[in-house]
Amino acid sequence: MDVEGTPVFRFAPGPSGPLHLGHTRAISLNAEYRDVYNGKLILRIEDTNPNAIDESAYDLIPKEMEWLDAKPDEIFIQSDRLDIYYNDIKTLLAAGHAYVTSTPAEEWRDLKRNSKSDKYRDLSPKEHLDAFERLLMKGSGIVVIKTDLEDPNPALRDFVAFRVVEDKHPRQGSNHRLWPTYNFAVSIDDYRLGITHVLRGKDHLNNTERQKWIYKYMGWKEPHFIHYGLVSMPDTLLKTSEIKQKISEGVYEGWADCQLATVQALARRGFKSKAIRKFWIAGGIKEVDITFSWPNLESVNKSLIDSKSKRLFFVPNPIQFSFETPSEIQKTAPFHPDIPEWGVRSETISSNSHIYLSKDDISSLTSGDIIRLKNLCNVTFHDDKLNYHSIDNIKGTPIFQWVSDKNMNLSLHYPNGKKDIGLVEDYAIKHIQETVQFERLGFVTLSDSKVNLTAFYLHK
RNA sequence: GCUCCUGUAGUGUAGUCCGGCCCAUCAUUCUGGCUUCUCGAGCCAGGGACUCGGGUUCGAAUCCCGACGGGAGCACCA
């Protein structure tokens, strides 16, 4: 990357709701470059469309960035900066680089499609400045940046800089009716905030070309524009508006519902911000479009948490067995197979104890089979009881996790919406909010729930 | 339709600028084997790609041309 001095990066979302997986790429990449080059990362909230704003996003976005280890160095909110935009457009109007028109939208678009000039386009700067002042107060119309009407790319011919939105703005109330559009506000801010590197998705390629017109007219030096390819995320709902809709319909319990790919949900399931960061960095910033892969992300996460997660037994769909043994037996199960310092989960099992096994595990067993209760002993399986068989491992014996009466109810929620009800060792209560591994099942994050224990499935 | 971007295994990625060290890297997935107190774990092995067709060259994933494929934009959204 081309860097001189202190590079300044930015993340510039619209405040339509909490952040999701899709946002994390821009955040991770920008934050990584900030860190590596000792630069700055600016968060700029782009709230210039009064009717696409979720007020909670103003607080949530900085918090979620912080969770992602991407705490912004500075935060700007575009709706606080309208005077700046007004000033700059006046400069452009005065220089004849922009115009005000009241031509109806459809008609105006048609003219552009045919490379034709709007009838107001060539009025004098004075007349446009007056029209602009009027538009601030009343009337209808738009302010347009002149480009090249003959541009072969129809997307690049004259673009809107301001339009009238009468709706009340959550932060600014009804003080303003003339709002800048994305392309205008972005150009002005990227320059005035000293952004040196604009790192964003390829979908902005045309926007970049539009924004360059403003830099050119203002005589400003352009930042480095870098575009990375688009990511398609199959089976992952990332449209904020749609998520919001489904939450209100009760399809999801909220933004942190573990079926969602919001930052909140990922965090609650136990994804590490570092894993997300590493994943996107490994992806790089090429302009090729890519397909997102959960297994790849999960693998990164797993390598990060494996040696930090305690092991516990969880028995989904438990079946109760009585247990018969000539003498008491000691369960000695390490909290982690490779970390003896963490100690063991131990308890004494006698003939008074019940043992619970998962229905899924025993479905293929027949009476008389020998199985091993992990970290305890071998038993002979009968329809409703287990008889002590021997203590040492027997080659080829299936090994199952189990719980005794020292258990707690737990419901395990999967990202696909399914739920397992089962029993977990009571050690679980000491590890609320932690990510642990349910042996033979996968990593989960334990969550406090007033009624009974809940866990969210992370990955294998 | 117009314009722009892009094309290495199922997925992601290295190599492409400055042609030979690439019968193409790493990770993940998949398959097989081994292992036994996670067989939904661990270990090992294997399969799997330069989109296609021309050209330049002693030599091309790398350069040129064409075709085809994928994506985006053409909003008074961001």
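Here the structure is a predicted model, which is why all the values come from computation and not from measurement. In the text below, chain A, chain B and the rest are named by the order of the sequence lines, each starting its count at 1.
Projected onto RNA chain B by closest heavy-atom contact, A:Thr181 and A:Tyr414 fall at different nucleotides, the more 5' of which corresponds to A:Tyr414.
We find that CG of A:Leu312 is positioned 20 Å from P of B:C37, with the value rounded to whole Å. Following rounding to the nearest Å, A:Ile290 (CD1) and B:U13 (C1') show an atom-to-atom distance of 10 Å. The distance between atom CD1 of A:Ile371 and atom C1' of B:U36, rounded to the nearest whole Å, is 16 Å. A:Phe400 places its CZ atom 18 Å from the P atom of B:U36, with the value rounded to the nearest Å. With rounding to whole Å, A:Asp189 atom CG is found 13 Å from B:A78 atom P. Between the NZ atom of A:Lys310 and the C1' atom of B:A41 there is a distance of 19 Å, given to the nearest Å.
Base engagement by A:His204 is indicated by at least one non-hydrogen atom pair under 4.0 Å involving a base atom. As judged by a 4.0 angstrom heavy-atom cut-off over every strand, A:Glu298 is placed among residues making no nucleic acid contact. Within the nucleic acid shown, A:Gly283 comes within 4.0 Å of sugar-phosphate atoms alone, with no base atom in reach, counting heavy atoms only. Within 4.0 Å (heavy atoms only), A:Gly284 reaches no atom of the nucleic acid at all.
With P as the reference atom, B:G59 and B:A72 are 41 Å apart, rounded to whole Å. Taking atom P on both B:U62 and B:U6, the two are 16 Å apart, rounded to the nearest angstrom. On the C1' atoms, B:G40 is 16 Å away from B:C30, given to the nearest whole Å.
Of the charged side-chain nitrogens involved, at least one lies within less than 4.0 Å of a carboxylate oxygen, so that A:Glu166 and A:Arg177 count as a salt-bridged pair. Between A:Glu107 and A:Lys112 no salt bridge is recorded (no basic side-chain N to carboxylate O distance below 4.0 Å). Between A:Glu133 and A:Lys90, at least one side-chain N (NZ, or NE/NH1/NH2) sits under 4.0 Å from a carboxylate O, which counts as a salt bridge. Between A:Lys374 and A:Glu425 there is no salt bridge, since no side-chain nitrogen of the basic residue lies less than 4.0 Å from a carboxylate oxygen of the acidic one.
A:Tyr414 and A:Phe456 have their aromatic ring centers separated by at least 6.0 angstrom. A ring-centre distance under 6.0 Å is not found for A:Tyr215 and A:Trp213.
Side-chain atoms of A:Thr147 come within 3.5 Å of backbone atoms of A:Leu156 as a donor-acceptor pair (strictly under, hydrogens ignored). Counting only distance, with no hydrogens or angles, the side chain of A:Asn175 and the backbone of A:Gln172 share a donor-acceptor pair below 3.5 Å.
Listed by residue number, A:Thr48, A:Asn49 are the residues of residues 47-57 of chain A with a heavy-atom contact under 4.0 Å to RNA chain B.
Here the side chain of A:Lys374 is nearest to one of B:G73, B:C37, B:U13, namely B:C37.
Stacking of A:Arg345 on the aromatic ring of A:Phe313 is recorded, both the 6.0 Å distance cut-off and the 45° axial limit being met.
Partners of A:His128 according to the ring-ring contact (aromatic ring centres under 6.0 Å, His included) rule, which considers only residues two or more places apart in sequence or in another chain, do not exist here. A:Arg210 meets the side-chain hydrogen bond (donor to acceptor under 3.5 Å, both in side chains) test with A:Asn207; sequence neighbours excluded.
Tested against A:Phe162 for a ring pair (Phe, Tyr, Trp, His ring centres under 6.0 Å), the candidates A:Trp179, A:Tyr182, A:Tyr86, A:Tyr99 yield a single pass: A:Tyr86.
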Give me the distances for all protein-to-nucleotides 42-45 of chain B N/O pairs that come in under 3.5 Å?
from	atom 1	to	atom 2	distance (Å)
B:G42	OP1	A:Lys302	NZ	3.3

What protein N or O atoms touch nucleotides 3-5 of chain B N or O atoms at under 3.5 angstrom, if any, and at what distances?
from	atom 1	to	atom 2	distance (Å)
B:U3	O2'	A:Asn153	ND2	2.7
B:C5	O3'	A:Glu287	OE1	3.1
B:C5	O2'	A:Glu287	OE1	2.8
B:C5	O2	A:Lys202	NZ	3.3

Identify the pairs formed between an N or O of the protein and an N or O of nucleotides 27-29 of chain B at a distance under 3.5 Å, and give each distance.
from	atom 1	to	atom 2	distance (Å)
B:U28	O2'	A:Asn296	OD1	3.0

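A:His169 is listed as a side-chain neighbour of A:Asp47, based on a closest heavy-atom distance under 4.5 Å. Contact of the A:Ile362 side chain with the A:Phe321 side chain is registered, since non-hydrogen atoms from C-beta on lie closer than 4.5 Å.
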